[in-house]
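Everything quoted here is computed from the prediction, not taken from an experiment. Reminder, nothing fancy here: chain letters follow the sequence lines and each chain counts from 1.
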Amino acid sequence: MQKTETLKKNYEFKKILTKGKYYSGEYIEVFIKQNNQAINKIGIAIGVKLGKAFQRNYVKRLIRENYRKLEEKIKVGYEIVFLWKKKVSIKNANYHYIEEDMNNIFKKIGIFK
RNA sequence: AGAGUAAACCGAAUGGUCGCGGAAAAGUUUUUUAAACUUUUAUGAGGAAAGUCCGGGCUCCAUAGAGCAAUGGUGCUGGGUAACGCCCAGUAAGGGAAACCUUAAGGAAAGUGCAACAGAAAAUAACCGCCACAUAAUUUAUGUGGUAAGGAUGAAAAGGUAGGGUAAGAGCCUACCGCUAAUAUGGUGACAUAUUAGGUCAAUGUAAACCCCACCUGGAGCAACACCGAAUAAAAAGAAGAUUAAGACUGCUCGUCGCCUUCUUGAACUGGUGGCUUGAUAUAUAUAGUAAUAUAUAUACUAGAUAAAUGACCAUUUAAGACAGAACCCGGCUUAUAGAUUUACUUAAAUU
RNA sequence: GCGGAUGUGGCGGAAUUGGUAGACGCGCUGGUCUUAGGAACCAGUGCCAACGGCGUGGGGGUUCGAGUCCCUUCAUCCGCA
């Protein structure tokens, strides 16, 4: 199994947020864009205004953990950015909610193998 | 018992399955360094990591400058410390029944300012009142003088109470209380106690108003700063010139550097590496000290990321639930905080 | 991470050295005018248990008295690679 690659630079995020396709769930939002490489890259962005530092870190961990479990089941060659929905309080973050949400979104995209 | 006060300490643990950060060792591949991957091993957020309110280390700015003493800070006393606005021990004032707690606690007789409204008057107090005398007049008016006992006000009105005294009054005199000063004793000292003297004991409050006194104080910050790489011709560095014109060194004067133009060398930045964790370090014991703390000995090495590492699920502990995430590093302060434990002390009211 | 600034009615924005908080403009409400609307003019407009009390982001202090001075805290905004 390959190690999960992450997006690092601000311009990479901007490119996907402006040019990528947008999908929304109950808790999280997803921007996705094809790249022609043999790996997937993900990035997670949680705004400063949504919560305090430990809360944002917690949400990042939950999203990363969920992605890790689904990673083997999805197709290769995408760049994905996850956002937290601004309307939902960050205190409602929960592993199972995000699991369900991410499954639904990925089905909608049709990214499963 | 309950209630309260002060101090200290913890702030999830154990097992299983997957997963992440950097470190060390071994192996495989490309093989010159090194890079990638795999496996194993131990290890990986806090008491506040927070606010950025102070003090340092470290780096650069001229070696961090000279004069004015301007700016800013601190402010009972003694001690501790690398240093502090912090800590410890005491003093004074205030609060509490008590244990104990709180305090930006120098100077208002060096000078200046302010004190709205009300009030006669807000700081060199005579408007009304009281008293004496004079004049007019006939029981009032006017003038001169004495008087701080009484008077609406106000946050604040010129020591308080009682008696004597007087034309009326007044520290005018006496007693007590308060206040001030001197001397003595105790204490390193703030200060305390005692004695004596003082009624010229007139000069209110405000210094978190200006100010005075004592002590301290250069600026910027790890996005500091140093180095490497590739790609491109804006900035930077060096030299020369001109002008004192923006600006930097916290205010002013000097001094140093600098705008701009020309020439030469080649960079910025969203790349990378160092800075980056062994330190005024932690733990234990002993000694000195009331204590803060210091000294000695032994042992330990305990995060170092860069879109940024600690999570998910299951089981057990009755329940796992608070505040909350290192970003160069230390010493404090302040603020947030469910619950749990220990020690010492107090006991008025209410309950048993 | 570091450095700096600002918080006053519904909105913008005043308040001289500490001395009646809400000037002024916009908006809103009511009235006059009009068949109706607009415009214009006039009046009102912080909150409450309404005599009175509370109000300058929150809490505390200095002062007789604080929007103003001091401490602390919260929120918002800006700059620095």
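Remark: B:rA116 base-pairs with no nucleotide; criterion is Watson-Crick or G-U wobble with both hydrogen-bond distances under 3.5 Å. Across all strands shown, B:rU183 is found opposite B:rA194 as a Watson-Crick or G-U wobble partner, with both distances under 3.5 Å. B:rU261 is paired with B:rA240 under the criterion used here, namely a Watson-Crick or G-U wobble arrangement in which both key atom distances are under 3.5 Å. Applying the Watson-Crick and G-U wobble criteria (two distances, each under 3.5 Å), B:rA326 pairs with nothing in any strand. In this structure B:rA175 sits in a base pair with B:rU161, meeting the Watson-Crick or G-U test at under 3.5 Å. Across all strands shown, C:rG13 remains unpaired; no Watson-Crick or G-U wobble contact has both distances below 3.5 Å. Using the Watson-Crick or G-U wobble rule with both distances under 3.5 Å, B:rA288 pairs with B:rU293. Base pairing of B:rA315: its partner is B:rU14, meeting the Watson-Crick or G-U wobble criterion (both donor-acceptor distances under 3.5 Å).
Because its glycosidic torsion is within 90° of 0, C:rG9 is reported here as syn. Syn is the classification of B:rA45, since its glycosidic angle stays within 90° of 0. Within 90° of 0 lies the glycosidic angle of C:rA49, which makes this nucleotide syn. Base orientation of B:rG171: syn, the glycosidic angle falling within 90° of 0. Syn is the glycosidic conformation of B:rU302, whose angle stays within 90° of 0.
Distance check, rounded to the nearest 0.5 Å: NZ of A:Lys33 to NZ of A:Lys41 gives 11.5 Å. The structure places CD1 of A:Ile80 at 9.0 Å from CD1 of A:Ile16, a figure rounded to the nearest 0.5 Å. For the atom pair A:Lys69 NZ and A:Tyr95 OH, the distance stands at 3.0 Å (nearest 0.5 Å). From A:His96, atom NE2 reaches atom CG of A:Asp101 across 14.0 Å, with rounding to the nearest 0.5 Å. Put simply, CD1 on A:Ile109 and CZ on A:Phe106 are 6.0 Å apart, with the number rounded to the nearest 0.5 Å.
No N or O donor and acceptor, one from the side chain of A:Arg61 and one from the base of B:rG19, sit under 3.5 Å apart.
Taking atom C1' on both nucleotides, B:rU346 is separated from B:rU195 by 41 Å, rounded to a whole Å. Look at the C1' atom in both B:rG198 and B:rG169: the space between them is 25 Å, to the nearest Å. A distance of about 46 Å separates the C1' atoms of C:rC2 and C:rC48, rounded to the whole Å. C:rU63 sits 11 Å from B:rA209 when the C1' atoms are compared, rounded to a whole Å. Across B:rA207 and B:rA108, the matching C1' atoms stand 8 Å from one another, rounded to whole Å. Between the P atoms of B:rC86 and C:rC71, the separation comes to 14 Å (whole Å). Of the P atoms belonging to B:rG44 and B:rC61, the separation is 41 Å, rounded to the nearest Å. Between B:rU337 and B:rG2, the two C1' atoms lie 27 Å apart (nearest whole Å).
Rounded to whole Å, the distance from CD on A:Gln55 to C1' on B:rA336 is 14 Å. Taking atom OH of residue A:Tyr97 and atom C1' of nucleotide B:rG311, one finds them 19 Å apart after rounding to whole Å. Rounded to whole Å, the distance from CG on A:Asn57 to C1' on B:rC20 is 13 Å. When rounded to the nearest whole Å, the span between CD1 of A:Ile63 and C1' of B:rA312 equals 14 Å. In this structure, CZ of A:Arg56 is placed 13 Å from P of B:rA324, rounded to the nearest angstrom. Straight-line distance from the NZ atom of A:Lys60 to the C1' atom of B:rA312: 18 Å, rounded to whole Å. Atom OH in A:Tyr95 sits roughly 15 Å away from atom P in B:rC18 (whole-Å rounding). For the pair A:Phe54 CZ and B:rG311 P, the computed distance is 12 Å after rounding to whole Å.
In summary, the side chains of A:Glu29 and A:Tyr22 do present a donor paired with an acceptor at a separation below 3.5 Å, with no hydrogens or angles considered.
Residue A:Arg64 places none of its side-chain N or O atoms closer than 4.0 Å to OP1 or OP2 of B:rC18. An OP1 or OP2 oxygen of B:rA312 is reached within less than 4.0 angstrom by no side-chain nitrogen or oxygen of A:His96. Taking 4.0 angstrom as the limit, A:Tyr58 places none of its side-chain polar atoms (N or O) nearer than this to OP1 or OP2 of B:rU310.
Comparing B:rG311, B:rA307, B:rA324 by their nearest atom to the side chain of A:Glu65 picks out B:rG311. Listed nucleotides: B:rG19, B:rA324, B:rA312. Nearest to the side chain of A:Arg68: B:rG19.
A residue-by-residue look at A:Ile44 and A:Ala53 shows that A:Ile44 has its nearest nucleotide of RNA chain B further toward the 5' end.
Environment of CD in A:Glu100: sparse, with no more than 12 heavy atoms of neighbouring residues, nucleotides or ligands closer than 6.0 Å.
Using the six-membered ring where Trp is involved, A:Tyr97 and A:Tyr27 have ring planes that are parallel, under 30° apart on the 30 and 60° scheme.
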